[in-house]
Protein chains: 2
Amino acid sequence: MVTIRDVAKHAGVSVATVSRVLNSTGYVREDTREKVMQAITLLNYSPNEVARSLYKRESRLIGLLLPDITNPFFPQLARGIEDEVHSQGFRLLFGNSDEDLKKEAAYLHTFTQNHVVGMITARTISDDETYEGLGFPVVFLDRTSPQYPSVYADGREGGRIAAQEIIKRGSKQITLLKGPPNVKPAQERFQGALETLSGANVDFQVMNTTSFSFHEAKKWAKELFEKHANTDGVIASNDIVAAAILREALQLGKSIPDELQIVGFDDIPQSELLFPALSTIRQPAYEMGKEAAKLLLKYIKKEIVQNKHIELPVTFIERNTTRKVD
Amino acid sequence: MVTIRDVAKHAGVSVATVSRVLNSTGYVREDTREKVMQAITLLNYSPNEVARSLYKRESRLIGLLLPDITNPFFPQLARGIEDEVHSQGFRLLFGNSDEDLKKEAAYLHTFTQNHVVGMITARTISDDETYEGLGFPVVFLDRTSPQYPSVYADGREGGRIAAQEIIKRGSKQITLLKGPPNVKPAQERFQGALETLSGANVDFQVMNTTSFSFHEAKKWAKELFEKHANTDGVIASNDIVAAAILREALQLGKSIPDELQIVGFDDIPQSELLFPALSTIRQPAYEMGKEAAKLLLKYIKKEIVQNKHIELPVTFIERNTTRKVD
DNA sequence: TTGAAAGCGGTACCAG
DNA sequence: CTGGTACCGCTTTCAA
């Protein structure tokens with residue numbers, strides 16, 4: 001491994017000088033700078049991040065904590081974050097929390113022990129004390145937080161829109177899925193939809209689904225049609241569940257969207273490939289990730305931030321599990 | 001930040017002693033060990049990974065390079081890796097390469113600069129020189145490599161099985177999708193299927209699809225039925241493309257699987273939620289990730305490894321885009 | 001069984 | 001404009 005000392009020796013200068021040209025700090029005469037640069041390229045030297053990190057007490061690493069990368073909503077987020085962060089020269093220390101306090105604590109520990117300059121967390125359970133006194137900026141993603149900077153989509157509005165659109169298209173006996181009680185964004189969608197449904201001239205029922213997983217989704221779908229065979233509109237808690245319901249409905253021979261309309265939530269890439277293609281409420285996941293990264297980077301660079309809370313719009317993506325209106 | 005010196009002072013010993021109890025190296029009398037432990041818990045001390053990493057020239061970080069986490073096959077891999085690695089006390093430095101040599105080089109650089117103890121790469125383009133002289137073990141995932149340890153599924157066999165199963169179920173005019181030419185596993189599947197198809201009593205055509213992306217998938221699907229309207233069996237290069245084809249076929253009013261059979265590849269979680277549920281060749285992605293991590297960890301711990309190449313079996317998952325046989 | 005001290009590879013202060 | 005050097009926090013000889 002070639003060190004700064006090797007470079008200094010080769011260039012016939014001191015390590016201090018090499019450090020200066022490396023970081024473009026302080027004065028360095030042009031010709032010595034060039035000597036140093038030559039030595040650097042000659043030796044193919046590149047500074048040791050760990051040593052730098054030790055002295056400066058900060059690395060170029062950013063912590064990223066997601067509930068579960070296996071949930072199709074998160075890869076988009078992660079990608080948005082990575083693209084932004086990478087373009088600014090930072091790298092990601094990544095972990096899945098499973099919304100498990102123990103794992104989360106382990107990662108927070110890792111992050112501090114490795115001198116990350118900041119972190120992004122998409123945890124949705126609401127117990128913010130865990131994040132106190134961390135010593136580096138934290139951005140919450142996919143949920144609001146009064147104290148912490150955060151980036152999120154307007155879930156409540158999304159819920160409202162979902163309900164409005166399905167009502168507008170003629171469903172009269174709507175089933176609203178509740179989604180995991182501890183996942184805040186899910187509950188906001190739910191509340192939004194509930195709000196609109198309550199005020200509208202339709203019948204509706206709430207079904208208490210408690211998870212998002214692939215496995216469970218099939219279960220909810222079955223249960224839904226057993227309990228509410230006559231429903232003619234479903235507002236699902238996310239696209240996975242919506243896909244499972246669509247599947248079950250087709251299985252039962254229901255015609256979509258004529259007999260039954262379905263609206264999902266998230267707009268994961270796969271939703272477009274379903275048949276009929278899923279109508280859904282889109283959350284701009286990639287952009288959310290990107291915005292979160294930008295926001296964090298501002299804190300890291302100690303720029304002044306105007307809005308510590310960034311809300312991104314949700315939009316109704318009309319595809320073919322809802323009827324057309326004019 | 002509380003350092004080893006603080007602990008030493010509190011315990012009335014030297015930093016060397018604290019280090020010894022921390023690492024359980026060398027001799028330390030039981031009662032001094034206890035004094036130290038008390039000081040540690042009292043001060044809530046935990047050692048600085050960066051300092052440790054600098055001296056030892058190795059961290060507890062593992063590099064993970066995936067082509068694109070947004071491709072639904074990779075989150076499973078990533079999760080398998082993370083679970084294993086995390087359980088053994090290691091953490092992940094993660095990046096997407098987009099199969100781009102520049103980005104890849106940037107990450108290799110990051111990994112070395114941050115003293116990773118090893119890395120896993122799922123890159124599929126075959127230019128192994130990039131990985132020479134890295135100074136830490138590398139495990140290739142999702143593809144073979146003669147020199148490097150690697151974990152992969154038997155793609156060729158998968159291709160054969162796909163072809164056998166679709167033939168067995170009566171398709172006579174089969175369309176085989178080629179998949180991205182630079183993605184090795186895709187080409188192996190292709191070759192396997194081609195091999196079986198060539199030797200069988202069926203007509204078939206090869207369609208040259210060059211990517212896996214969601215966006216392109218729809219295009220291939222359209223193109224497929226324009227070019228080969230009379231095809232009665234499709235072997236897709238992965239489940240995304242298969243989903244797009246299923247979608248297009250249903251759109252065109254084809255009855256699945258009676259008129260047209262479709263076999264995918266990968267068995268991503270979503271495939272089960274399609275209607276009809278997708279028959280596919282399963283690659284055990286999670287297990288592959290886990291095995292890759294285990295293999296790497298063996299190298300890291302300098303254990304003797306029996307097989308540097310681990311091949312996992314692929315299996316035909318019979319669902320409803322293929323007909324039943326008895 | 002313990003402590004002093006020399007690094008690991010950088011950064012930054014201070015003197016010249 | 002440049003060099004010497006202390007120091008970041010930990011590990012590991014070496015000597016006591």
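Within every chain, numbering begins at 1; the chains are lettered A, B, ... in the order of the sequence lines, protein sequences first and strands thereafter.
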Colleague: Is there a donor-acceptor pair closer than 3.5 Å between any side-chain N or O of A:Lys184 and the backbone N or O of A:Asp142?
Modeller: no
Colleague: Taking five pairs at each end, how big is the angle between the two axes of the helix from C:dT1-D:dA16 to C:dG16-D:dC1, to 10°?
Modeller: 50°
Colleague: In residues 87-94 of chain A, what donor-acceptor pairs under 3.5 Å come from side-chain atoms, sequence neighbours left out?
Modeller:
unit_1  : atom_1 : unit_2   : atom_2 : d
A:Ser87 : OG     : A:Glu84  : O      : 2.8
A:Gln88 : OE1    : A:Lys301 : NZ     : 2.3
A:Gln88 : NE2    : A:Glu84  : OE2    : 3.0
A:Arg91 : NE     : B:Thr110 : OG1    : 2.8

Colleague: Where does the angle between the aromatic ring planes of B:His309 and B:Tyr152 fall among parallel (under 30°), tilted (30 to 60°) and perpendicular (over 60°)?
Modeller: tilted
Colleague: Do B:Glu287 and B:Lys290 meet the salt-bridge criterion of a basic N to acidic O distance under 4.0 Å?
Modeller: no
Colleague: Provide the start and end nucleotides, 5' to 3', of the part of DNA chain D that has atoms under 4.0 Å from heavy atoms of chain A.
Modeller: D:dC1 to D:dG9
Colleague: For the side chain of B:Asp83 and the backbone of B:Gly80, is there at least one donor-acceptor N/O pair under 3.5 Å apart?
Modeller: no
Colleague: Step by step, would you call A:Thr121 with A:Tyr107 a side-chain hydrogen bond (donor to acceptor under 3.5 Å, both in side chains)?
Modeller: CA-CA 11 Å; A:Thr121 176; A:Tyr107 270 111; over 6 Å; no
Colleague: Output one letter per nucleotide in nucleotides 7-16 of chain C: B when a protein non-hydrogen atom lies under 4.0 Å from the base, S when only the sugar-phosphate is that close, - when neither is.
Modeller: BBBBBBB---
Colleague: Within the structure shown, what part of the strands sits under 4.0 Å from B:Ser53 by heavy-atom distance: base, sugar-phosphate, or nothing?
Modeller: nothing
Colleague: side-chain hydrogen bond (donor to acceptor under 3.5 Å, both in side chains) with A:Asn307: which residues, sequence neighbours excluded?
Modeller: none
Colleague: Strictly under 6.0 Å, is that where the ring centroids of A:Phe140 and A:Tyr131 end up?
Modeller: yes
Colleague: Using atom types as modelled and distance alone, determine if a side-chain donor or acceptor of B:Thr112 lies under 3.5 Å from a backbone N or O of B:Leu108.
Modeller: yes
Colleague: For B:Ala292, which residues count as a side chain to side chain contact (heavy atoms under 4.5 Å, CB included) partner, sequence neighbours excluded?
Modeller: B:Ile120, B:Val139, B:Leu141, B:Val151
